[in-house]
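Lettering follows sequence order; numbering is per chain, from 1.
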Amino acid sequence: MEELEFWLLDASYDIIDGLPEVQLWGVDKSGRRVLVVDRSFRPYFYVVPSGDLESVMRGLSSALAAYGLLSLEPVQKKYYGKPVNSIKVVLRNPRSVPEAREAAAKVRGVGEVLEADIRFYMRYMVDNDIRPSAWHYVKVKELPKPANLHVDAVYMAVERPVYVGGPPPSLRLYAFDIECYNRYGEPLPERDPVIMISRATKEGVETFTADSGEASLIKEFLEDFWSVDPDVVLGYNSNRFDIPYLLKRAHENGLKLKLGRNSGEPAQSVYGHFSVVGRANIDLYDYASELVGVKLKTLDAVAEYLGLVKRSERVLLDASRVYEYWDKPELRKTLAQYSADDARSTYLIGETVLPFAIQLSEVVGLPLDQIFAASVGNRVEWFLMRQAFKHGELVPNSRERKEETYKGAIVLTPKPGIHRNVAVLDFSSMYPNIMIKYNISPDTYVPPGEEVPDEEVYVAPEVGHRFRRQPPGFYRKVLEELLRVRREIVRKMKELPPDSEEYRILEERQKAVKVVTNAVYGYSGWAPARWYMREVAEATTAWGRVLIKETIKFAQQIGLNVIYGDTDSIFVYYDPDRVQKLIEYVEQNLGFEIKVDKVYTKVFFTEAKKRYCGLLADGRVDIVGLEAVRGDWAEISKDIQEKVVEIVLRDEDPWKAAEYVRSTIADLYSGRIPLEKLIIWKTLAKELDEYEVDAPHVQAAKLLAKMGYRIYKGMKIGYIVTKEGGGRVSERAKPYVLVRSPQEVDAEYYVKHQIVPAALRILEYFGIREEHITSTRRQATLFDFFGT
DNA sequence: GCCTTGAAGTTACCG
DNA sequence: ACCGGTAACTTCAAGGCG
């Protein structure tokens, strides 16, 4: 018997002689890649009887005999906080769980079948507090290594592994990107070969080409892949494109795309991702889709945004013309460099983001390869499921529900104009703290019919929902734990030098804990959630509204002028003494923490809510909600608005800004604005045929579809409004790739509907009107005057 | 038949 | 595929006017 410490990279299971074997793939302390198997765990689910326990046991016993029933064990659990006698149904094989679940549900006296939809390796990890992306200690016996398993050693767990924590080991990263022949439009894997594959590792970038045929390219790639034997496989849009494409092409060439440490191919798995057994396959596009700072999430834009690869320092080419670069021998080198740059960017993004992914994976409990692929709701849910297990709570089933709406937060109407020296006060974790304070939870909710003494419940304002004060509800326990853990991490960080490895890990960890904490309220009002309850979400926002109103009331009482507020923040003139008084009042009388989040030396509002701009104490310009920070306005309008904001805030000279707008409009009319700055990007939020109105981007997408492009939901459509086509904007909207010259552009549209609105959004307040920025240039006017 | 107006459809933001 | 609140665009049909 030996002792082993390993860092869990991936989990899977297999059936050996009709019995399941959990497989934990990892890295040990000496950097060996290891597999720890555990054959001692069996799949199970719970039955909650509505009738007599004994007779349900008998019924289950006969109904499940055919499904490899191993045991029926009465167990005490809690369901929505109430003790229930339930039956743990243990089976031989995870694959029979779905059928056994159906059979169990039909047994007379069975109320509910619970936790029958939890994947076997997840069940194993939850029950044993084994966490992905974390170190574990385990007593093992070494096993002979089967030929198909590519690890340094295989061990049989003698006991269950124990979570121990610690910094992650050094992992081998392998980023890759493929290029496909696309002479006939979108490359089709049935038709078009892969022509290049680039990969980037710590060692550098390499590009393989199909000069000697596609089969040899794929073989070369496989050989390289195995020579690196990576722990983390990185791609950009790889789950939707590169991997399925490569798989298909490998098969067309009679090859197997053996990438897994179990010699298996990538397999379609949960949340639309491909799993590569024994490794973490991460599609960084999933991460990028959550990056709010980048609007158009191309690989090069994301790499630049993260400060990794400047677009000016890499090869960029029109992806639809990849085939030309392949067909023309003199251009192949450029294509190779493009491909290499993509792989390198992917590698660098992966390297940058991995520390956060690792922490989120450990905190939430989802394997590293699933953590970005899973939605926010699913991440919260997996965290909750682990917590439920710890508290002996049964996990409610997911089910379809109709969506119910409810009232949300309050947004104040701002006081228009430039305000000086303004402090923004924010409630710290407002919703989590409300849920904790009033014990808001599905298991503490008291439905209208139920009689409970008034002093035993909290009653939500406006909506009247009641929640028991005691015992602590599930959400309260979970949120208190999350807040406690985060405080603890932040406390530890303060004792460390900010440039230390440990500090950086903790920084990522506190971020991970924070995102989970902040998502719990939203989760509670998400109809598909297992722990959904409209009343919970509704009561939370109701208390939030009262809280912010009371805060505003007191602020005004002590003479603090409230300029604006949204949900959990208020903007006031920064009078430090009064602000301090307000902070103390909120803490002592309302029981919540409020902090000065930022201070604007100047902040500008129009009448509109959720849109403003300001100058921060450090000199930075902050733009919130306005066109300049939106992804669906042409770059030209955003640039102009940004400039206008800067001039108005820094120089306080709106007429100077107006002059700037006027000169840029002149540039547009004379064709001096590059076409890229005129592209308007909009997401196709539905399938093309589901649209009721032909909006400009829908029309543009239809044109693309006609040309043979694959159009899909979620796609960003970039269009330019041209002169030719008809009266409606949509009739003149052309996919940007079809617009070749500034002559085609409808400059008037851009002036009237893009530049003027964006500029006037700010300038109108100062008395500047459309004619002031669109009239002919001053020189021309003077010329006209003297010339006639 | 043309123009105005407001509702509906649509997207992306804020916190 | 976490929530509701919000602004702002374009389309589209109804209504007013002549």
Side-chain angles (χ1 to χ4, degrees), chain A residues 270-272 286 289-290 292-293 295-296 373-381 383-384 398 400 403-414 424 426-427 429-431 515-534 536-538 540-542 544-545 548 564-571 597 606-612 622-634 637 680-686 690-699 713-714 716-717 719 721 726-733 749 752-754 756-758 760-761:
Chain A
V270 283
Y271 314 125
D286 290 331
S289 59
E290 290 174 42
V292 290
K295 308 298 168 182
L296 193 59
S375 70
V376 172
N378 285 118
R379 289 178 206 164
V380 170
E381 192 146 276
F383 180 80
L384 293 176
S398 6
E400 295 238 359
E403 305 209 337
E404 307 168 279
T405 56
Y406 61 91
K407 214 165 142 193
I410 287 182
V411 187
L412 302 187
T413 305
V424 183
D426 261 8
F427 278 88
S429 304
M430 187 204 241
Y431 286 164
V515 299
V516 176
T517 313
N518 290 344
V520 170
Y521 147 73
Y523 171 87
S524 75
W526 178 46
R530 292 174 188 266
W531 280 279
Y532 167 80
M533 189 175 272
R534 191 203 80 234
V536 164
E538 197 170 39
T540 305
T541 57
R545 291 192 296 273
I548 194 90
Y564 178 64
D566 184 350
T567 311
D568 62 348
S569 71
I570 60 167
F571 291 50
D597 178 47
T606 65
E607 303 82 21
K609 299 170 175 182
K610 295 187 184 275
R611 325 184 107 215
Y612 55 93
D622 196 19
I623 301 182
V624 180
L626 294 166
E627 285 75 7
V629 296
R630 292 179 63 98
D632 58 349
W633 283 73
S637 335
I680 298 165
W681 291 94
K682 274 196 161 65
T683 305
L684 220 49
K686 316 186 226 188
E690 293 173 54
Y691 280 93
E692 295 179 49
V693 220
D694 277 330
H697 70 299
V698 177
Q699 277 298 331
K713 190 156 82 170
K716 285 258 193 215
I717 307 291
Y719 65 89
V721 179
R728 285 191 292 268
V729 182
S730 58
E731 292 172 275
R732 287 177 284 124
Y749 170 84
K752 263 190 89 149
H753 298 273
Q754 287 277 320
V756 166
L760 286 191
R761 201 81 63 215

>> Using only atom types and a distance under 3.5 Å, with no angle test, would you say the side chain of A:K609 pairs donor to acceptor with the backbone of A:V411?
In response: yes
>> Counting the atoms with a prime plus P, OP1 and OP2 as sugar-phosphate, which does A:Y564 contact under 4.0 Å by heavy atoms, base, sugar-phosphate, or nothing?
In response: nothing
> Atom CG of A:L626 to atom C1' of B:dC14: distance rounded to whole Å?
Replying inline: 12 Å
> Can you list the residues that meet the side chain to side chain contact (heavy atoms under 4.5 Å, CB included) rule with A:S730, with sequence neighbours excluded?
Replying inline: A:P696, A:Q699, A:R728
> Among all residues two or more places apart in sequence or in another chain, which pass the side chain to side chain contact (heavy atoms under 4.5 Å, CB included) test with A:K713?
Replying inline: A:E687
> With A:I623, which residues qualify under side chain to side chain contact (heavy atoms under 4.5 Å, CB included), at least two apart?
Replying inline: A:C613, A:V621, A:L626, A:A628, A:V629, A:E642, A:V645
Extract all donor-acceptor atom pairs below 3.5 Å that involve side chains of residues 564-571 of chain A and protein atoms in other chains or at least two apart in sequence.
unit_1, atom_1, unit_2, atom_2, d
A:Y564, OH, A:K610, N, 2.9
A:D566, OD1, A:K610, NZ, 3.4
A:D566, OD2, A:K610, NZ, 2.8
A:S569, OG, A:D566, N, 3.4
A:S569, OG, A:D566, O, 3.3

> Counting any heavy atom closer than 4.0 Å, what does A:Y612 reach on the DNA or RNA strands: base, sugar-phosphate only, or nothing?
Replying inline: sugar-phosphate
>> Within the 4.0 Å heavy-atom criterion, would you say A:V729 contacts the bases, only the backbone, or no part of the nucleic acid?
In response: sugar-phosphate
> For A:W681, what residues pass the ring pair (Phe, Tyr, Trp, His ring centres under 6.0 Å) criterion, not counting sequence neighbours?
Replying inline: A:Y736
> So what does A:D426 touch, heavy atoms closer than 4.0 Å: a base, only the sugar-phosphate, or nothing?
Replying inline: nothing
>> Measure CD/A:Q699 against P/B:dT10 and give the value in whole Å, please.
In response: 13 Å
> Has the side chain of A:R534 got a donor or acceptor atom that lies under 3.5 Å from a matching backbone atom of A:T405?
Replying inline: no
> Between A:M430 (CE) and B:dC14 (P), how many Å, whole number?
Replying inline: 19 Å
> Which part of the nucleic acid, if any, lies within reach of A:R611 when heavy atoms closer than 4.0 Å are counted: base, sugar-phosphate only, or nothing?
Replying inline: sugar-phosphate
> NA contact type, A:R728, heavy-atom cut-off 4.0 Å: base, sugar-phosphate, or nothing?
Replying inline: sugar-phosphate
> How is A:S569 classified with respect to the nucleic acid when contacts are heavy atoms under 4.0 Å: base, sugar-phosphate, or nothing?
Replying inline: nothing
>> Could you tell me how far apart A:D632 (CG) and B:dA12 (P) are, to the nearest whole angstrom?
In response: 6 Å
>> What's A:V520 touching, base or sugar-phosphate or nothing? Going by heavy atoms closer than 4.0 Å.
In response: nothing
> So does A:K295 get a side-chain nitrogen or oxygen closer than 4.0 Å to the phosphate oxygens (OP1/OP2) of B:dA12?
Replying inline: no
>> So A:R761, base contact, sugar-phosphate only, or nothing? Heavy-atom distance under 4.0 Å.
In response: sugar-phosphate
>> Please identify the 5'-most and 3'-most nucleotides of DNA chain C with any atom under 4.0 angstrom from a heavy atom of chain A.
In response: C:dA1 to C:dC12
> Relative to the 5' end of DNA chain C, which residue comes earlier, A:W633 or A:K609, by the nucleotide with the nearest heavy atom?
Replying inline: A:K609
> Checking all strands, does A:G408 fall into the base, sugar-phosphate, or nothing category for heavy-atom contacts under 4.0 angstrom?
Replying inline: sugar-phosphate
>> Over all strands shown, is A:Y271 touching base, sugar-phosphate only, or nothing at heavy-atom distances under 4.0 angstrom?
In response: nothing
> Looking across every strand, which nucleic acid part, if any, lies under 4.0 Å from A:E404 by heavy atom: base, sugar-phosphate, or nothing?
Replying inline: sugar-phosphate
With 3.5 Å as the limit, what N/O pairs link the protein to nucleotides 3-7 of chain B?
none

> Looking for any heavy atom pair under 4.0 Å, which part of the strands does A:S524 touch: base, sugar-phosphate only, or nothing?
Replying inline: nothing
>> Can you tell me if A:H697 touches the phosphate of B:dT10, counting only side-chain N or O atoms and a distance under 4.0 Å to OP1 or OP2?
In response: no
> In chain order, what residues pass the side chain to side chain contact (heavy atoms under 4.5 Å, CB included) check against A:A685, with sequence neighbours excluded?
Replying inline: A:Y691
> Mind checking what makes side chain to side chain donor-acceptor pair (under 3.5 Å) contact with A:D426, not counting sequence neighbours?
Replying inline: none
>> Tell me whether A:Q754 contacts the main-chain N or O of A:A634 through its side chain, where contact means a donor paired with an acceptor under 3.5 Å.
In response: yes
> Would you say A:R379's side chain and A:V516's backbone share a donor-acceptor pair under 3.5 angstrom?
Replying inline: no
>> Regarding A:Y691, tell me which of base, sugar-phosphate or nothing describes its non-hydrogen contacts under 4.0 Å with the strands shown.
In response: sugar-phosphate
